[in-house]
Amino acid sequence: MIETLKANLLSPIPLAFALGIVTRLMRSEFSLPKDVYSALSIYLLFALGLKGGVELAHASFDSIVAPAGVTLLLGCITPLSTYAVMRYVGRFGTSDAAGMAAHYGSVSAVTFIAAQQFMQRVGAPAEGFMPTLLTLLESPGIHIALAIGAIQRNKQLLALGGDKNAHGSVREVLHEVLTGRTMVLLVGGLVVGYFMGESGWNAVSPFFESGFKGALMLFLLEMGIVAGDRLGDLKKVGPFLLAFGIVMPLLHGAIGVILGAWAGLSPGGAAVLGTMAASASYIAAPPAVRLTLPEANPTYSLTAALAITFPFNILAGIPIYYSIAQAIAT
Amino acid sequence: MIETLKANLLSPIPLAFALGIVTRLMRSEFSLPKDVYSALSIYLLFALGLKGGVELAHASFDSIVAPAGVTLLLGCITPLSTYAVMRYVGRFGTSDAAGMAAHYGSVSAVTFIAAQQFMQRVGAPAEGFMPTLLTLLESPGIHIALAIGAIQRNKQLLALGGDKNAHGSVREVLHEVLTGRTMVLLVGGLVVGYFMGESGWNAVSPFFESGFKGALMLFLLEMGIVAGDRLGDLKKVGPFLLAFGIVMPLLHGAIGVILGAWAGLSPGGAAVLGTMAASASYIAAPPAVRLTLPEANPTYSLTAALAITFPFNILAGIPIYYSIAQAIAT
Amino acid sequence: MIETLKANLLSPIPLAFALGIVTRLMRSEFSLPKDVYSALSIYLLFALGLKGGVELAHASFDSIVAPAGVTLLLGCITPLSTYAVMRYVGRFGTSDAAGMAAHYGSVSAVTFIAAQQFMQRVGAPAEGFMPTLLTLLESPGIHIALAIGAIQRNKQLLALGGDKNAHGSVREVLHEVLTGRTMVLLVGGLVVGYFMGESGWNAVSPFFESGFKGALMLFLLEMGIVAGDRLGDLKKVGPFLLAFGIVMPLLHGAIGVILGAWAGLSPGGAAVLGTMAASASYIAAPPAVRLTLPEANPTYSLTAALAITFPFNILAGIPIYYSIAQAIAT
Amino acid sequence: MLTHSFKLVTIIAEPVLEPRITTELRRLGATGFTVVEGRGQGSRALHAAEIPGINVRIETIVPPEVADRIVEYISKQYFADYEVIAYLSDVQVVRGEKYRRAP
Amino acid sequence: MLTHSFKLVTIIAEPVLEPRITTELRRLGATGFTVVEGRGQGSRALHAAEIPGINVRIETIVPPEVADRIVEYISKQYFADYEVIAYLSDVQVVRGEKYRRAP
Amino acid sequence: MLTHSFKLVTIIAEPVLEPRITTELRRLGATGFTVVEGRGQGSRALHAAEIPGINVRIETIVPPEVADRIVEYISKQYFADYEVIAYLSDVQVVRGEKYRRAP
Ligand SMILES: Nc1ncnc2c1ncn2[C@@H]1O[C@H](COP(=O)(O)O)[C@@H](O)[C@H]1O
Ligand SMILES: Nc1ncnc2c1ncn2[C@@H]1O[C@H](COP(=O)(O)O)[C@@H](O)[C@H]1O
Ligand SMILES: Nc1ncnc2c1ncn2[C@@H]1O[C@H](COP(=O)(O)O)[C@@H](O)[C@H]1O
Ligand code: NA
Ligand code: NA
Ligand code: NA
C-alpha cells in the first residue's frame with residue numbers, strides 16, 4: 001500500500017493539487033479566473049456524463065441494478081452517520097450537524113473523477129456506468145440532511161412560537177440542487193451520450209477525451225488553491241473536526257467499498273464507489289445548506305469538506321480504498 | 001428524408017442543443033459563463049476562417065466566381081423578401097419590417113457550421129471555400145435592411161418636421177458590423193490561413209481541428225439555453241411570426257439551394273448555401289438594428305431568429321435543404 | 001537571413017500577431033475577453049513549465065551550470081545597460097530610467113515561447129532546460145532596477161527631507177513578482193513536471209502539448225490587439241524611444257547569443273537565450289514599477305516594451321538572433 | 001430639469017440571496033433593480049460561496065415609504081444569519097412615476 | 001478636509017448605448033466617467049443584447065448645471081426607445097477643479 | 001425604521017492599488033468595504049494595467065470623522081502620481097454600531 005500511496009503522490013493530479021496548496025502557503029495571490037474555473041468544471045462534468053452515457057448503452061440492466069441499489073443505500077447511510085457523529089460525538093447543534101450531513105451525504109464529482117483516473121492508471125478501470133451511480137448519489141444525502149435539519153428546527157421554533165416559513169423552503173432549494181450545474185451536465189451528458197452512441201462520441205472525443213486529463217490537472221491546481229484558501233480556518237475548527245475530516249471518509253469509504261464489492265463491482269469499481277461515499281460535496285451542498293439552515297456555520301462544513309477531506313482523499317484516500325477493494329477481492 | 005431527419009436528431013449537435021432547451025424548460029439557472037461563450041465562439045469562428053483560408057489557396061478563381069455571385073444575390077433577395085412579407089403580409093410597421101429584414105438578410109455562423117458538419121457526416125462535404133461565401137453574406141443584408149429602414153423613417157420624420165440625425169448614423173453602425181467579432185475572425189482567419197498554408201495549418205490543427213466538433217457541441221448546449229430563454233416570448237409574438245420563423249427559412253433555403261446548384265456547387269455545397277440563406281443573424285444584426293432603428297421591437301426579431309428559425313434549422317432545416325439539393329442533383 | 005525573415009513572417013504566430021495589430025488599425029473593438037486571455041496565458045505558462053520539468057529530469061547538472069551562470073549574468077547586464085542608456089543617452093530622469101530598466105532587465109515569456117517554436121520549425125530546437133533559464137531571468141533584472149530606482153529616489157527625498165517610506169516597499173513588491181502568475185506556473189510547472197516524469201507527461205500531453213501551438217496563435221492574436229492599442233502612444237514617446245525599442249533588443253540579443261554560445265548552448269539554444277535577453281517584460285515589470293516608482297511614466301516603458309520591442313522581436317528579432325547564432329557556430 | 005426625490009436602497013449580500021432578495025423587492029413595491037457583482041470584507045467572512053468574499057450589490061430606486069419597508073424586511077430577515085448590509089441615500093430622478101408602483 | 005459639492009449622475013443603460021453615451025458625456029461637459037457592468041430588471045425587458053438583462057452603469061461627477069444638461073439629453077434622446085434610467089445625487093469631492101471643464 | 005447618518009466614501013483607483021488601499025481603510029477606522037470592477041476615463045490614462053482603463057471602485061461606509069481621514073490620506077498618498085478619485089456622500093444605515101470601530 002505504501003508503494004501505491006507513493007506512486008499516487010507523484011502522479012499529475014495530486015502534484016497539481018499540492019502545487020495549488022503550496023501556492024497559497026507562499027502567500028501568492030494567483031488563482032484561476034472564476035470563469036476559467038467554471039469552464040473547466042463544465043468541461044469535465046459534461047465529458048464525464050457523455051462518456052458515461054455512451055458506455056451506459058452497452059451495460060446490461062442486470063449489472064447495474066445491484067450497484068445502483070447500494071449507491072442509494074449509501075446515500076441514506078452517509079448523511080445519517082454524519083449527523084449522528086456530529087451531534088452525539090462532537091456535541092454540535094442540530095443545524096451544524098445537519099449542515100455537515102448534507103456535505104458528507106452528497107458527493108464530490110472531482111474526487112470521483114480523480115478516483116476513476118487512479119483506477120485507470122493502476123490498470124483496474126471501474127465499470128463504465130459509474131457516472132450514472134454518481135448522479136444517484138448527488139442529491140439523496142442533501143435531501144435527507146436538510147429534512148432532518150428542517151424537522152429539528154421546526155420543533156425548536158414551534159416550541160418558541162416562531163415562524164416556520166421564515167427560511168427557504170426545502171422544496172425550492174432541492175429544485176436548485178437538482179437543476180444545478182452538476183446535475184444538468186451529468187444527467188444531461190448521460191442522456192445525450194446514450195442517444196448519440198459510439199459514432200457521435202467518436203466525433204467529439206478528440207475534444208472531450210484527449211484533453212480530459214490535462215484539463216483535470218489544471219482544475220486540481222485551482223482546487224489546491226481553493227483548499228489552501230481555507231487552510232487558515234483549520235485553527236478555527238478545533239481538533240474534533242480535524243479528526244472528523246479524516247475518520248469520516250475512511251469509515252464511509254470502507255462501507256462503500258464493501259457494499260460495492262458485495263454488489264458485484266470490480267475492485268476498481270468498488271474503490272470508486274467507496275471514494276464517492278467517502279467524499280464530501282463542496283459545490284451543491286453549501287448553497288443548499290446556506291439557504292435552508294442559515295444558522296449552521298459554513299466555516300465548519302466547508303473547512304472539513306474542502307480543507308481536510310478533499311485533500312485527504314486526493315492524496316491518500318483513493319489508494320487506501322483501492323487497497324481495501326483489492327484485499328476484499330483476494 | 002425522414003431517415004436523414006432522424007439521424008440528424010440523434011447526432012451530437014442537435015442533441016446538445018435540445019439539452020440546452022430542456023435545461024431551461026426545467027427552470028434550471030445553469031448557463032455557460034459569458035466569457036466561456038465568447039471563448040467558444042472566437043475559437044469556432046477563427047478555426048473556420050483559418051481552415052477556409054488554407055483551402056481557399058487551393059481553389060481556382062473560376063470555381064468561386066459563380067458561387068460568390070449567387071451568394072451576393074442572396075444577400076439582396078433575402079432582406080427584400082423578408083421586408084415585403086413582414087410589411088405587406090404581416091402588416092408590421094416599417095421599422096419592425098426593416099429590423100427583421102436585417103436579421104434574415106444576414107447569416108448565422110453557427111447554423112452554417114452545423115450545416116458543414118452535417119454534410120461531412122452524411123459524406124457530402126461542402127466545397128472548401130464556403131467560409132469565404134459566409135463572409136460575403138454577412139453584411140449586405142444588414143446594409144440593405146438598414147437603408148430601407150432609414151429611408152422610410154426619414155420620409156416619416158421629414159413629414160413630421162423631425163430631426164433626421166437623431167439616431168445612430170447607418171454608416172457608423174455598419175462600420176461596427178464590418179469590424180465586429182465575426183468579420184474580424186472570419187476574414188482575418190481566411191487571410192491568415194491563406195498565407196500560412198498547409199505547413200502552418202499542420203502546426204495548429206491539433207488545436208483548431210481536433211477540438212472543433214466537441215467545442216461546437218458545448219457551444220450548442222449554450223445556444224440551446226439562450227434559445228430556451230426566449231421561448232417564453234413565443235406567446236408575445238403571435239401566430240404570424242411563429243409561421244414566419246419556419247416558412248421564411250424554408251423559402252430562402254430552397255432559393256439558396258437552387259441558386260447554389262445552378263452555380264455549380266456540389267449537393268453538400270448547395271445545401272450549405274441554402275442553410276446560410278435560410279439562417280437569421282442573432283449576433284451582428286441585433287445591435288445594429290437596436291442602434292439605427294430603436295423603434296423596432298427587438299422581441300419580434302430575436303424571438304423569430306433565435307427561438308424559432310435557429311432551432312428549426314438545427315433540428316430539421318439542414319436535412320431538408322440537403323434533401324432538396326440531392327433531389328436537384330439527381 | 002532574408003529568407004528566414006520571410007519564412008518567419010508567413011508562419012502562424014507572426015501572422016496572428018499581425019492580424020491583431022491590423023484589427024486595431026481598422027478601429028475594430030474586438031478583443032479577447034480578459035478571462036480568456038488569462039486562461040490562455042495560464043495554459044501556455046503551465047504547459048511550458050511542465051514540459052521543461054520533464055526534460056530537466058534528463059539534463060545533467062553539468063550541462064546546465066554554465067548556461068545558468070550566463071543567464072544570471074544577463075540578468076545583471078541588461079537592467080544596468082538599459083538604465084545607463086536611458087539616463088545618459090536619452091537624458092531621462094532616474095525613475096523613468098529605472099522603470100525602463102525593470103522592463104528590459106526582465107523577460108517576456110511569450111517572446112520566449114515564440115522563439116522556441118521558431119527554433120523547432122527551422123529544425124534547431126533549443127535545449128530542453130531552457131524554461132529553467134527563463135525562470136532565472138524573470139526577476140533579477142526587476143530587483144536590480146527597482147533597487148537603483150529606490151536608492152536614487154531616496155537620495156533625492158532625503159535631500160528634500162521627505163518621507164522615505166511613502167511608497168511600496170521594494171521587498172513587498174518583489175514578493176509579488178516572485179509569487180505572481182508567471183513564476184507560480186513556470187516554477188511550479190517545472191517542479192511538478194520534474195516529479196511526474198515521462199509517464200505523467202504522457203497522460204496530460206494531449207492537452208498540454210497538442211493544443212500548444214494553436215493556443216499560442218490565439219494568444220498572439222490578442223497580443224497583437226494589445227500592442228495595437230498602444231500604437232497611438234508611439235507619437236507621444238518621441239524618436240529616442242522608437243530607436244531605443246529596436247536598438248536595445250538587438251544589443252541585448254547579440255550579447256545573449258554570444259554568451260549562450262560561449263556557455264555551450266546549441267545554436268537554437270543560444271538564439272533563444274538571446275531572445276530572452278532582448279525581450280522586455282510587460283507582465284511582471286509594469287505593476288512592480290507602478291507601485292515602487294510611481295513617478296515613472298508608464299507610457300514610456302509600456303510603449304517601448306509592448307508596441308516596439310515585442311513586435312520587433314516577433315516579426316524580425318528572433319530570426320536575426322538565430323542568424324547570429326548560426327554565424328557564430330560556423 | 002424638474003426632478004423628483006426618491007430613495008436609493010443599496011443592499012450588499014451573499015450571492016445565494018440574490019434571487020430571493022430581488023423577488024422580495026418587487027413584492028415590497030420596487031419597480032426595478034440593478035445588480036452588480038463585487039467582493040468585500042466586513043465583520044465576518046463566513047459565506048459558503050465557491051469563492052469567499054464575493055458578493056452582490058443590489059440597488060433599487062423607490063419612494064421613501066417603500067425604502068423603509070425594504071430596509072425593515074432585510075434587517076428582520078437576513079441581518080442575524082447572513083452577511084448583508086443595506087443603506088439608503090437620496091437621489092433625484094426625472095420620471096417619478098417610473099419608480100412608484102400603481103397601488 | 002475642504003470639500004466641494006458636485007452632482008453624481010448615474011445612468012443605467014443597455015450595453016449598445018455605452019460608446020454613444022460616454023462620448024456624449026464628454027461633449028456635455030463631463031471630465032470623466034466610470035462604467036461598471038451589471039444586470040437588472042425594470043419596466044420592460046426588450047433589449048437585444050446576446051444576454052438579456054445585462055446593462056451598464058455609468059457614473060460621472062459633474063457640476064450641477066452639467067448634470068442638468070446630461071439628464072435632459074439622456075431623457076430626450078433615449079427614454080422613449082431604450083431601457084435607460086438616470087438619477088442624480090449629491091457628492092463632495094476634494095479637487096473641485098478636476099470635475100469642471102475649462103469653459 | 002430608525003436610521004443613522006454615515007458617510008459613504010467611494011474611491012476609484014488603478015487596480016494595483018487595491019490591496020494597499022483596502023488595508024489602509026481598515027487602519028484608518030473602516031469596518032468593511034466593497035469592491036467592484038469597472039473601467040473609466042478621466043484626465044489621464046497612464047496606468048500600467050494589462051488592459052488600460054480598467055479600475056476598481058471601492059466603497060466604504062464610515063463615520064464622518066473617519067471619512068475625512070480617509071479622503072485626506074488618499075489625496076496625500078495617491079493624487080499626485082496615480083489615477084485615483086475619491087468622493088463622499090451621505091447615507092443612512094440601520095445598525096450604526098456596525099460601521100463604527102470600538103476605539
Ligand atoms: N463598512 C462597510 N462599508 C462598505 N461595505 C461594507 C462595510 N461593511 C460590510 N460591507 C460589505 O458587506 C458585506 C458583508 O459584511 P459583514 O456582514 O459585515 O461581513 C462585506 O463583504 C462587504 O462587501
Ligand atoms: N427602480 C429601479 N431601481 C434601480 N434600477 C432600476 C429601476 N428600474 C429600472 N432599473 C434599471 O434600469 C434598467 C432599465 O429599466 P427599464 O427601462 O425600466 O426596463 C433595468 O434593467 C434596471 O437595471
Ligand atoms: N468626473 C468623473 N466622474 C466619474 N468618474 C471619474 C471622473 N473623473 C475620473 N473618473 C474615474 O477616475 C479614474 C481616474 O481618473 P483620472 O485620474 O482623472 O485619470 C478614471 O478612470 C475614471 O474611472
Ligand atoms: Na459522501
Ligand atoms: Na439569411
Ligand atoms: Na530582457
Side-chain angles (χ1 to χ4, degrees), chain B residues 32-51 53-54 57 171-212 214-215 283-284 287, chain C residues 6-44 47 113-114 116-118 120-123 205-222 224-225 228:
Chain B
L32 259 60
K34 203 180 128 197
D35 283 2
V36 176
Y37 172 88
S38 298
L40 285 171
S41 73
I42 289 169
Y43 167 84
L44 293 171
L45 289 168
F46 199 46
L48 185 68
L50 289 176
K51 185 80 191 291
V54 174
R171 203 193 149 103
E172 173 195 318
V173 165
L174 289 174
H175 174 259
E176 266 170 47
V177 173
L178 287 175
T179 65
R181 175 189 293 180
T182 310
M183 289 306 259
V184 164
L185 292 165
L186 264 183
V187 179
L190 279 170
V191 174
V192 168
Y194 187 90
F195 283 114
M196 77 183 185
E198 293 293 339
S199 75
W201 176 245
N202 289 341
V204 299
S205 72
F207 182 77
F208 287 114
E209 189 153 44
S210 313
F212 196 81
I283 302 281
Chain C
K6 221 184 98 193
N8 182 51
L9 285 181
L10 292 180
S11 72
I13 290 167
L15 280 174
F17 183 72
L19 173 59
I21 291 183
V22 170
T23 297
R24 269 303 181 268
L25 294 182
M26 287 172 54
R27 294 185 307 113
S28 162
E29 301 213 340
F30 171 72
S31 76
L32 259 60
K34 204 180 128 197
D35 282 2
V36 177
Y37 172 88
S38 297
L40 285 171
S41 74
I42 290 170
Y43 168 84
L44 293 170
I113 295 175
Q116 263 199 332
Q117 298 293 328
F118 176 90
Q120 260 182 40
R121 214 174 41 241
V122 300
S205 71
F207 182 78
F208 287 114
E209 190 153 43
S210 314
F212 196 81
K213 285 177 189 153
L216 182 60
M217 188 173 180
L218 212 46
F219 191 74
L220 269 123
L221 171 62
E222 176 66 12
I225 291 172

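Order of the sequence lines fixes the chain letters, A, B, ..., with proteins taken first and strands second; residue numbering starts at 1 for each chain.
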Inspect the surroundings of CD in B/Glu198 and state if more than 12 heavy atoms from other residues, nucleotides or ligands are less than 6.0 Å away.
yes
Could you measure the distance from the CZ atom of C/Arg27 to the CG atom of B/Leu178? Nearest 0.5 Å is fine.
11.5 Å
Do C/Pro33 and B/Ile42 touch side chain to side chain, with heavy atoms closer than 4.5 Å?
yes
Only pairs of heavy atoms separated by less than 4.5 Å count here; which of C/Ile13, C/Asp35, C/Leu9 has the most with chain B?
C/Asp35
B/Val184 and C/Phe30: which non-hydrogen atoms are nearest, and at how many Å?
CG1-CD2, 3.9 Å
How far apart are the closest heavy atoms of B/Gly188 and C/Leu19, and which atoms are they?
CA-CD1, 3.5 Å
Measuring from C/Ser28:OG to B/Glu176:CD, what's the distance to the nearest 0.5 Å?
9.5 Å
B/Phe207 and C/Leu216, any side-chain heavy atoms less than 4.5 Å apart
no
I'd like to check B/Met196 versus C/Met217 (side-chain heavy atoms, cut-off strictly below 4.5 Å). Are they in contact?
yes
Which one, B/Gly189, B/Gly193, B/Ser210, B/Ala203, leads in non-hydrogen pairs under 4.5 Å with chain C?
B/Ala203
The interface call for B/Phe208 against chain C, heavy-atom contacts under 4.5 Å, is side chain
Euclidean distance, C/Leu32 CG relative to B/Arg181 CZ, rounded to 0.5 Å
8.5 Å
